[in-house]
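A, B, ... follow the sequence lines: proteins, then strands. Residue 1 opens every chain.
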Amino acid sequence: MNNSQSNVNHEPLLQVKGLETAFSIEGKDHNAVDGVSFNVEKGKIVGVVGESGCGKSVMSLSVMNLLPKGIGKIRNGEILFEGRHLEGLDDKEMNKIRGKDISMIFQEPMTSLNPVFTIGYQLEEVLHNHFKLSKKEAREKVVQLLSAVGISRADRIVDEYPHQLSGGMRQRVMIAMAIACQPKLLIADEPTTALDVTVQAQILELLQDIQKKNDMAIIFITHDLGVVSETCDEVIVMYAGRIVERTDVQRLFNSPKHPYTELLMGAIPRLEEEQDMLATIDGIVPSLTKMPEVGCRFANRCPKAMKECSTVTPKLAKNEEGHEVACLLYETSRPEEEVLR
Amino acid sequence: DSDDSGDDTEDTSENTDSEGDSGEDASGEPQEGGTLNYAIDSEPEGILSPNFYGSATDFEVIQFGIDPLFEYDENLQIEPNLADWSTEDNKVFTFTFEEGVKWHNGDELTVEDWVFALETLADPDYTGPRYANVQTIEGAEAYHSGDADSISGIEVVSDYEVKVTFDKARVNNLLNVWSYPMNRSYWEGVEVADMQDSDKMRQGMMGTGPFKLTKVVPGESYQYEANEDYWKGAPKLDKVIVKVIDSKSVIGALENGDVDMVPVHPTLGKQVEEMENVDLRTYPGLSYYYLGFKFGKFDNEKKEVVEKNDKYADLKLRKAMYHAINRDEWIEAFFSGYGSKVNAPVPTNHWIAADQSELNDYAYDTEKAKSLLDEAGYKDVNDDGFREDPNGDEFVINLAHYASTNPTFESRAKALTQYWEEVGLKAELQMIESSLYYDKVEKDAEGIEVFFGGWSTGSDPDPSALWKSDQLWNYTRWVNEESDQLLDDALDIDKVGTDQEKRKEKYVEWQKLLNEQLPMLYIAELEEIYGVNKRVGGVEFDVSGSNSPHLWYIQN
Amino acid sequence: MSITELNKSQTEKLLEVNDLKMHFPVKGGFFKRTIGAVKAVDGVTFDIKKGETLGLVGESGCGKSTTGRSILRLLDPTSGEVLFNGEDITKLTGKRLRDIRQDIQMVFQDPYASLNPMQMVGDIISEPIKNYYNKRKGSELKAEVMDLLTRVGLPEEAYYKYAHEFSGGQRQRIGIARALALKPKLIIADEPVSALDVSVQSQVLNLLNELQDEFDLTYLFIAHDLSVVKHMSDRIGVMYLGNIMEVANKSSIYADPLHPYTQALISAVPDASKVGEKRERIVLEGDVPSPENPPSGCPFHTRCPKAMDECSKVKPQLKEVKPGQHVACLLYE
Amino acid sequence: MEVVHNKDSQLQTSKPPKSMSPWAMARRKFMKNKLAMISLIYLLILAVLSLLAPYITTIDISRVNIGEMKLPPSADHWFGTDTSGRDVFVRLLYGGRVSLFVGVSCTIIILALGVLVGAIAGFFGGIVDSMLMRFTDFVLNFPFLVFVIVLNAILFGKVGGVGVLIGVISLLGWGGVARLVRSKILSEKENEYVLAATSIGGRPNKVIMKHLLPNVMTTVIVQATITFAQMIVAESALSYLGFGVPQEVPSWGNMLSASQQPEVLQSMPWIWVPPAIILVLTILAINFIGEGVKDAFNPKSFR
Amino acid sequence: MLKYTLRRLLGMIPMLLLISIVVFFLALAMPGDPFSGEIDPNNTDPEYIEEMREKLGYNDPIHVQYWNWITGFVQGDFGKSVKYKIQVSDLIAQRLPNTLFLGILSLVITYLFAFAMGMTAGRKPYTKLDHFIGGFNYMMLAIPSYIAGVFAIYFFSFQLDWFPFNGSVNIAVDEGTLDWWLSKIYHTFLPALVLGAMGTASYTQFLRNDIIDNSNKDFVRTARAKGTPEARIYNHHILRNSIIPLITFLGFDLVSLVNGALITETIFTYPGLGQLFLTSVQASDYPTLMTLTLMFSFIVLVGNLIADILYGIVDPRIRID
Ligand SMILES: Nc1ncnc2c1ncn2[C@@H]1O[C@H](COP(=O)(O)OP(=O)(O)OP(=O)(O)O)[C@@H](O)[C@H]1O
Ligand SMILES: Nc1ncnc2c1ncn2[C@@H]1O[C@H](COP(=O)(O)OP(=O)(O)OP(=O)(O)O)[C@@H](O)[C@H]1O
Ligand SMILES: [Mg+2]
Ligand SMILES: [Mg+2]
């Protein structure tokens, strides 16, 4: 999994710096992603976890420049892909990258395919978008791709329509579509949430296989910590539009630092251990319009909250082990001027 | 009347046997060529033969292509056209045909063509409505029932002469007999039963008239081209196009010149009059409106009136109702003045019409009406503002009128009831769907007491079918021996001979009787109105209709 | 609950389901004839002892909800019997059927669709009581509902609110309060947490556990998440395509799954406790077949890594292979 | 849609515990919709004026005034007079009475029939459903206008005028509503709250009345506005063609049919333009109200 | 597909039979007959009318009349029009092409305008242009077609003199020539526009809303993520989905054309079936009336069938066999 080590050039594949994405609700802009920075290295799988509504999808759509037009926009920050600025690119430029260098798969395999076109047609389209291919070549390539994602009757499936396929198959088709141009980065937004466990296992297996084969980086969005623990190299924990913790997977699960992460992990029942009571987090993620202006956004749900938590905004900072966390319990997270005061 | 055109008389056909007169010299400088756009404002049925058509609208379409044996002059007197006649006794007639008259296909017109027409009409399989016009020929009934192979009363003398014997001498045998020939060779091979459906009648026509029908768009338009061989001289126009337009388009079409000539409803007359490019042409009509009373019920088996209805039996009541109506105002309001009062059931321009001075004019006079009612015992005894009948019971005049989409029907009928209410007679109006109206009247249906109606007189003035007490269509169920006798006398060759004046005398007497007895309140007669574009010349109208279209032309 | 009590009550069967079948007719053609059947539940047998929680897991569409609904007679099962306290529910009609619903209640999966948007929360919760105790006094009823609200952790003001004013977790509490209103003995919880976020899910799970102790409840707990089921249940039934494949104590099922499907299922569950170590996963081939056209013999044989020839011919019956562990698999014949 | 209902218990104490039923919310949303409110006010004024017409004016509306025919608008006659000398403005009010009455009556009957048939078919399903739906299909297979005209021609004159029209239109018009209600009931039935209502011991009639119908009602109300507009158009179109309410009864369609007289169409616009405009405005208003209602009930826009 | 169609066609037979019975009894129940009130002493007499009544079988027992009618009907003998005195089949053959032409032209207009406006509005929703189109459509929806017809004649024919106000073709041109077709289009355009206006408005709104709906669908996001150009997304991915319901409306269009033709043809004096129908009601022309009524019902049935079948054809998700 560490194929990227061989790469001498240490520039990360994707750099996100201070990303702020806002939606306009009733005429006002509200940040759904609020100052998010992270890197994705070549060939790594980065997991993003957090409760529903905390901005995971918006963050990934920002990278792809797929925010709903007129409603959502990137307000601030930089997105660098192989050193190239993506923010502010127009559709035409972006279309050269989308599907080729960066591709994406979504949670709902049922609705993500256009119901009125055949599978083959939709797969060929992505090839035609980026390469000059004859019809025949494209079709051959498509059959190849479908076989590669483990679809058995690939030559028949190309002529079928999405509704004729099961959920698992459709997600495979989506994956085939995403890897058709051998992208360097794949963004997978909850790709297995809608699937059954046994099928989820198939898909995860497949993704990992492909990742290895293509030396592809993956941003893997999920709220299932179990999935993260088994697939990812690094984990980003998001809460209310911000990153609260970020480190490699082992360290996160062995010694979570942010109270939110801790609670999240305590809340899931484990197969291996007996738990009497599960941890709970009172309340819910605040909606966009109700985000506290300053302070830690988790403060009002945090059992360890201190007085200053609602006035001082913690910053995401690395400790010596390279474990990043944004919580005032840790000195590193205190903004400099606050420390001085 | 089923056409919603606005023309609401029962004139479903006929009286049109009369055509424009030929001798007339057209004024202005006739010009050669040009196309005349002639419009009709209701849909024809599309039967393009005078021998089969049923609606007046169809006649308007075919009039350009046909030519009758006889015509009528401005006094509605019959005169020769394609044929002349002579008779001694009004029973046997000898007809002499014009020579050299050509059918549109080039055939020459002979008496055979007329005989063919008569035989067709009398044929057992004949589907048209004109059998009555041959029925009076001797032997026609036998032929009609299939008992004879030919009509015995017809004797062809030569190609241009034929002798016709009627079953008996009548004053009106000539007026009644069928006067349009049919081209025998054109109809070769078509069974009588199939004629009406055949393309020969639907898509084309064969006549001897001034124009030849060259194209048909069924129900929509008809194109005629000049018949250069027309025996009275080649027409001046090249083409005539007959278009069917909606009555609401008449004004617009006239104004922007889409249409050169079109019959116009009286209510539109004023507007047409104002148009710069259009002349309003009027001529006396032969139709009139009346209010009938039901005096009883008719038994169609026994052919007699079997029940009496006394509600309106009092002549004073009827006179009072007559005086209460302001006919002049009413005509002005609902027919824009294109009409005038009548005092008897004969249009004043008909040759049998009595001189108006000989008739009572029941002028609008509410005082007189009131005093007549008082005399008759119709008084307001319970102070509700309305008069009760002489017994003191409530008295309501029930007026029936036909309804169609034309909204003036309701208001003109309502206006009549309002006149009566003004003299204290309570009146109620019942509008009846026009397709059912005359059926109800004919069947003496419950609730029909005073009914509005209209009628057209034909060139033969005999009103027996409407007035004789043994006739189904004597809607008032008025039984009067004197009237019956007068009507019989007027037709009786022994009494009136062949002298029209004598005949007229009888009718005048009859009119006086009806003017006195008032089985109906005669309301108004209408003028016929045409809008004619100023570029059209040579058009003349009289009581018999327009002159022959071969005289029409386009100026400029 | 003391140990002795537990033992005593656990031997008493509250609910017995025997060979329950529910086939939905498939209509087609112009005259809407029955042209087939969806064998949603095809011979399910299990029992629940008083005070215990039986978990039911299985993949989507395997007939879990149908089983739950058939027990409550929200559906009329095609055949089989459902004994509640020894009485066959499938034969009940009229008043008796309605009465049985006092004892068995249900918590539904979708916290949005399961509450009538036109009703106030107070009405939602008091409705079952009104259905059965028509004459209860207004104030008394209200106090009772308030009590229930507090019990499931909702503020009293909730009484006058409408469902749309609550979050998913809170709505699920309302649903639970409604189920509790009639003081039932058995609650069928049909995926009560699958629509909820992890943090909220744990709240509801904890609540259900607390209520069980407090009201002496028996649960049929349906879920597709094996770890949730394991957390909640005493025993677990594993369903596949309308059939129970294995029923056993949760410890034995986890420690020693006997049925190949159970084994695959357990190995497929990603577990956060095993971070870093690469587990041996049994990845099944293909998808779950359609219940309209189920495979012959053992329904699992099309995907079973250990399938034998006879598996496609003989349908295995549920058998006690180890004490307390029933398996339907020809491997253990 | 998620996280829109985010008031949790802590927050509630700070806010006045004001909670609104979906009806109240819809009402409030509707009231915020300017276009719909203006339309509603317009419609109300129109209805009130029409209803009060006999009290506003003492004119005998059926009276023909020969002296005052075809007068253009003036102080005496705001909208002029028609070819019978009747005041157009007053007739317009009376016409509104008839047109709105026909519209409302037809709508009520159609909805009642449609909801009844649709609800029974949808809720009970099976053979009842098949029979009812076959019958509904049968009714729907009659081309509406064609059969209204034929039926009206038959019954006309035998029974009273306006009543016949209402009866005939309603009899032929309920099919669509029945289908709609049925499908709505079918889909609503799938919602778990209906199962829940049964599971807590609710009897079928209670489930229909208390749970299903209120939720189907929103659709029915929206449908009602559509039907209302359709019926007003149907009445006026039929009257225009001469197959609607009897001619002597003033209705907007009858007034408009005056435009079939060429003189009126071309030179007396005051006779036919006002009913045309009122009619169009009324339909427009009803449509806006319909949109407003639809919007107000649309859960997606619960904000 | 074929089997399904055949089965549906067979299923129509009992329905048609039922409708034919209803139609027959309705016609029977209609007051009066074509001869009511046909009086004219100049060329008809009461005997003639009675004779005709007998000849046409108005005096036969009811079931005999029905049997004669329906057996004739299935053999294509619809009887003879009382008003026009020709075979109803011939009469219909004369008028049908006009109605068809009007219908097709109005459909073409409807779909052309609806596509143009709907796509424009749907692609840029909530812009000025969208609001303008929306407002226009609201107006169109609120103007009943007969009012639109009256206004159209008033403005376009009389005031502006752009279009003819009646008829279906200029008689002066020869049938089949290019001029003839042009003349037909010229004559039919205004009624077709009026007939299509309502449909255009509702289809435009429908298409617009559907495009907006579809543009929020997941598959559009997928297409964008593939790098598909925006124009292609709208013209291809979204449109294809939005067209499906619109195409299936074609079937129902037949139904509304039947209703619309009655009004429009009457207003424009356009000699088609709608006008013929009204005339036949007014004239109590039963053979024509019954044939047309049955035919219109048949069109409705067929329209519904077409809608269903089209749905199966254009939407791959629906497979009917
Ligand atoms: N189109 C939009 N308009 C307005 N707000 C939006 C829109 N899309 C997302 N949001 C808001 O942005 C915030 C973040 O949403 P996002 O979809 O990124 O959450 P998420 O973490 O992906 O949740 P989930 O796990 O449910 O997918 C939420 O508060 C959401 O309501
Ligand atoms: N009313 C019904 N008519 C026809 N088929 C049905 C009906 N209800 C359920 N089914 C079918 O029965 C099968 C089992 O459905 P059921 O809802 O019991 O599954 P489940 O295990 O609860 O699944 P999930 O986890 O998705 O809730 C499914 O294939 C479903 O499509
Ligand atoms: Mg998301
Ligand atoms: Mg379920």
Looking at [options], which makes the most heavy-atom pairs under 4.5 Å with chain E?
{"options": "Ile102(A), Leu113(A), Ile97(A)", "answer": "Leu113(A)"}
{"options": "Val126(A), Thr118(A), Asn65(A), Ile105(A)", "answer": "Val126(A)"}
{"options": "Ser112(A), Gly99(A), Gly70(A), Pro68(A)", "answer": "Ser112(A)"}

Whether Phe117(A) and His236(E) hold their rings parallel, tilted or perpendicular, with breakpoints at 30° and 60°: parallel
[atom1] of [X]: more than 12 outside heavy atoms within 6.0 angstrom?
{"X": "Phe115(E)", "atom1": "CZ", "result": "yes"}
{"X": "Phe151(E)", "atom1": "CZ", "result": "yes"}
{"X": "Phe132(E)", "atom1": "CZ", "result": "no"}

Heavy-atom closest contact ([X] atom, [Y] atom, distance):
{"X": "Pro229(E)", "Y": "Asn129(A)", "value": "CD-OD1, 4.0 Å"}
{"X": "Asn241(E)", "Y": "Pro115(A)", "value": "OD1-CG, 3.4 Å"}
{"X": "Asn95(A)", "Y": "Arg224(E)", "value": "OD1-O, 4.2 Å"}

Side chain to side chain contact (heavy atoms under 4.5 Å, CB included) partner of Lys226(E), chosen from Lys100(A), Met104(A), Gln122(A), Arg98(A): Gln122(A)
Heavy-atom side-chain contact between His128(A) and Arg232(E) under 4.5 Å: no
N/O donor-acceptor pair under 3.5 Å between Arg221(E) side chain and Leu66(A) backbone: no
CA sep, side-chain torsions, deciding dist, call: Thr222(E), Met177(A), side chain to side chain contact (heavy atoms under 4.5 Å, CB included): CA-CA 9 Å; Thr222(E) 308; Met177(A) 198 182 286; 3.9 Å; yes
Interchain contact, Met94(A) with chain E, by part (heavy-atom threshold 4.5 Å): neither
Interchain contact, Leu61(A) with chain E, by part (heavy-atom threshold 4.5 Å): side chain
Set of residues satisfying salt bridge (Lys or Arg N to Asp or Glu O under 4.0 Å) with respect to Lys69(A), sequence neighbours excluded: Asp91(A), Glu230(E)
Close contacts, residues 190-203 of chain E versus chain A, judged by heavy atoms under 4.5 Å: none
